[in-house]
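Report on one structure; see the data block that follows.
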Amino acid sequence: MQCYNIKTMAKDTKVGPVKKCQICGSSKLKPIIGFGHHPPCDSLVSKEGLHAPEIFFPLNLVRCLKCGLVQLDYIAPPELVFHPKYPYRTGITKMLVDNFRELAEVLIKKYELKKDDLVIDIGSNDGTALKPFRAMGMRVLGVEPTDVYKLAITDGIPTINAFFDEKVARKILKKHGLAEIVTATNVFAHVNNLSGFFKGANLLLKPGGIFVSESQYFL
């Protein structure tokens with residue numbers, strides 16, 4: 001595990017070509033493999049749209065020679081990747097449902113969470129990760145930029161429809177208070193405003209609160 005100080009992290013990376021590492025700011029990015037150009041994976045084309053033009057983006061994997069972070073060398077606009085009609089649903093994958101239940105059990109036991117403690121999930125999709133916490137009496141809140149948030153609300157999971165950043169965090173803090181746990185599962189690699197993301201998460205956590213990130217391990 002590598003640790004980084006928010007104050008020394010690179011600035012938020014703008015949409016477009018990535019010239020510097022998104023963690024340490026080094027310009028020493030070594031190409032690993034190029035896959036050409038592809039459309040966003042969850043922008044599914046309808047039968048009626050098969051003959052319409054699609055938007056394609058570069059898909060090239062690079063490695064930072066300074067800190068070792070593997071990343072893409074181009075950032076597509078988040079609002080196109082995670083568009084309102086984003087089709088993915090966490091709750092349809094049993095392995096993930098089981099994983100999030102086990103994660104909740106571990107966190108509740110290890111950190112002795114109590115009834116009415118606040119748990120926030122960033123990139124919460126349909127609220128699957130928060131349901132086990134709610135079942136154990138915790139207050140829960142999701143943050144989800146796509147229209148999938150409506151499914152979470154229907155299932156009783158309060159959810160804010162937004163891309164998470166420091167501004168959103170301040171609104172949450174004002175209305176809901178500090179959280180014991182903030183989670184971000186399969187989200188970290190999709191974030192280009194890393195400093196704003198971390199500052200927002202830090203704002204929301206109580207002293208001694210826990211931030212949990214699940215991300216793919218490159219190996």
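Below, each value reflects all heavy atoms present in this structure, side chains not excepted, and no hydrogens, waters or symmetry copies.
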Would a 4.5 Å heavy-atom cut-off, applied to side chains only, mark [X] and [Y] as touching?
| X | Y | value |
| --- | --- | --- |
| Lys199 | Glu166 | yes |
| Tyr111 | Asp117 | no |
| Leu72 | Pro58 | no |
| Leu113 | Met136 | no |
| Ile157 | Ser124 | no |
| Leu173 | Leu204 | yes |
| Pro158 | Val140 | yes |
| Leu29 | Cys64 | yes |

Nearest 0.5 Å please: distance from the [atom1] atom of [X] over to the [atom2] atom of [Y].
| X | Y | atom1 | atom2 | result |
| --- | --- | --- | --- | --- |
| Leu130 | Arg139 | CG | CZ | 12.5 Å |
| Asp126 | Glu144 | CG | CD | 8.5 Å |
| Leu194 | Ile23 | CG | CD1 | 5.0 Å |
| Thr183 | Leu107 | OG1 | CG | 8.0 Å |
| Thr128 | Asn99 | OG1 | CG | 11.0 Å |
| Asp116 | Glu180 | CG | CD | 11.0 Å |

Under a 4.5 Å side-chain heavy-atom rule over Ile, Leu, Val, Met, Phe, Trp and Tyr, are [X] and [Y] clustered together?
| X | Y | result |
| --- | --- | --- |
| Ile153 | Val143 | no |
| Val70 | Phe57 | no |
| Leu203 | Leu141 | no |
| Val187 | Ile172 | yes |
| Leu61 | Ile75 | no |

Which pair of non-hydrogen atoms, one from [X] and one from [Y], has the smallest distance, and what is that distance?
| X | Y | value |
| --- | --- | --- |
| Tyr74 | Val18 | N-CG2, 3.9 Å |
| Gly177 | Leu118 | O-CD2, 3.7 Å |
| Ala129 | Asp121 | CB-OD2, 3.6 Å |
| Gly36 | Asn60 | N-OD1, 4.2 Å |
| Val168 | Ala162 | CG2-CB, 4.0 Å |
| Ala152 | Asn125 | CB-O, 4.1 Å |

**Q.** Qualifying residue, where the test is side chain to side chain contact (heavy atoms under 4.5 Å, CB included) with Pro84 and the options are Asp147, Thr146, Val148
**A.**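 That would be Asp147; it is the only one of Asp147, Thr146, Val148 passing the side chain to side chain contact (heavy atoms under 4.5 Å, CB included) with Pro84.
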Q | Any donor-acceptor pair under 3.5 Å from Gln71 side chain to Gln22 backbone | A |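 It does hold such a pair.
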Q | Verdict with reasoning, Leu103 to Glu214, per side-chain contact (heavy atoms from CB on, under 4.5 Å) | A | CA-CA 10 Å; Leu103 175 63; Glu214 280 191 359; 4.1 Å; yes
(Q) Taking the ring of Phe197 and the ring of Phe163, is the distance between their centroids below 6.0 Å? (A)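 Ring centroids of Phe163 and Phe197 are no less than 6.0 Å from each other.
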Q) Going through the checks in order, is the side-chain contact (heavy atoms from CB on, under 4.5 Å) test met by Arg101 and Asp98? A) CA-CA 5 Å; Arg101 185 185 65 253; Asp98 293 342; 3.0 Å; yes
Q) When you look at NZ of Lys206, are more than 12 heavy atoms from neighbouring residues, nucleotides or ligands closer to it than 6.0 Å? A) yes
Q. Hey, which of Tyr88, Phe164, Phe82 is the one that makes ring pair (Phe, Tyr, Trp, His ring centres under 6.0 Å) with His190?
A. Phe82
